[in-house]
Amino acid sequence: HVDHAGLIRGLDQEAFGRGEAIYNRLCVNCHGTIEEPGSLPTSLRFASGTFKNGNGPYAMYQTLTHGFGLMTAQ
């Protein structure tokens, strides 16, 4: 059991910085940035649209943990 609400309440600027670093290492290649598209045409571009598997924290956790479509589990 993971306390997703508790994790979200505990987010601070350091957490966002860690998330940005992880995104820039692992996600940017396929999902791109606000300025540049990613390399995988079927992946949602960063900060645009709605994810097929949901935008909420739990849905994103599930996608990252189990993968979805062409995205493998992280």
Side-chain angles (χ1 to χ4, degrees):
H1 175 74
V2 177
D3 179 11
H4 295 279
L7 289 171
I8 292 168
R9 279 191 301 274
L11 293 178
D12 57 14
Q13 284 306 112
E14 285 185 30
F16 285 106
R18 290 190 306 272
E20 180 181 22
I22 291 168
Y23 184 90
N24 288 332
R25 274 194 323 271
L26 299 173
C27 310
V28 72
N29 292 324
C30 293
H31 291 281
T33 65
I34 292 173
E35 296 84 19
E36 297 291 326
S39 63
L40 190 60
T42 58
S43 65
L44 186 64
R45 188 169 175 173
F46 177 76
S48 67
T50 302
F51 290 111
K52 293 177 186 173
N53 205 29
N55 279 8
Y58 185 70
M60 292 178 77
Y61 170 81
Q62 292 288 61
T63 299
L64 290 168
T65 303
H66 303 290
F68 184 78
L70 295 175
M71 183 175 149
T72 60
Q74 304 298 308

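In what follows, residues are counted from 1 in the order of the sequence shown. Since this is a predicted model, take the numbers as computed values, not measurements.
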(message) Can you confirm whether Leu11 sits close enough to Phe16 that some side-chain heavy atom of one is under 4.5 Å from a side-chain heavy atom of the other?
(response)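 Leu11 reaches Phe16 side chain to side chain.
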Please report, to 0.1 Å, the donor-acceptor pairs under 3.5 Å made by any side chain of residues 63-74, with sequence neighbours excluded.
unit_1 : atom_1 : unit_2 : atom_2 : d
Thr63  : OG1    : Asn53  : ND2    : 2.8
Thr63  : OG1    : Ala59  : O      : 3.0
Thr65  : OG1    : Tyr61  : O      : 2.7
His66  : NE2    : Gln62  : OE1    : 3.3
Gln74  : NE2    : Thr72  : O      : 2.8

(message) To the nearest 0.5 Å, what is the distance between CZ on Phe46 and SG on Cys30?
(response)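 Interatomic distance, Phe46 CZ to Cys30 SG, rounded to 0.5 Å: 14.5 Å.
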(request) Could you tell me the separation between the CD1 atom of Ile34 and the CZ atom of Arg45, rounded to the nearest 0.5 Å? (result)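 Going from the CD1 atom of Ile34 to the CZ atom of Arg45 covers 9.0 Å.
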(request) List the atom of Arg9, the atom of Asp3, and the distance in Å for their closest heavy-atom pair. (result)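 Shortest heavy-atom contact: NH2-OD2, 4.1 Å.
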(message) Ignoring hydrogens, what is the shortest heavy-atom contact between Leu44 and Thr50? Give both atom names and the distance.
(response)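 Minimum heavy-atom separation between Leu44 and Thr50: CD2-C, 3.7 Å.
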(message) Tell me if a side-chain donor or acceptor on His31 pairs with a main-chain N or O of Gly38 at a distance below 3.5 Å.
(response)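 Checking the backbone N and O of Gly38 against the side chain of His31, no donor-acceptor pair under 3.5 Å is found.
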(message) Test of understanding: clusters of I, L, V, M, F, W, Y form through side-chain heavy atoms closer than 4.5 Å, transitively. Do Leu7 and Tyr58 belong to the same one?
(response)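 Linked, Leu7 and Tyr58 end up in one cluster.
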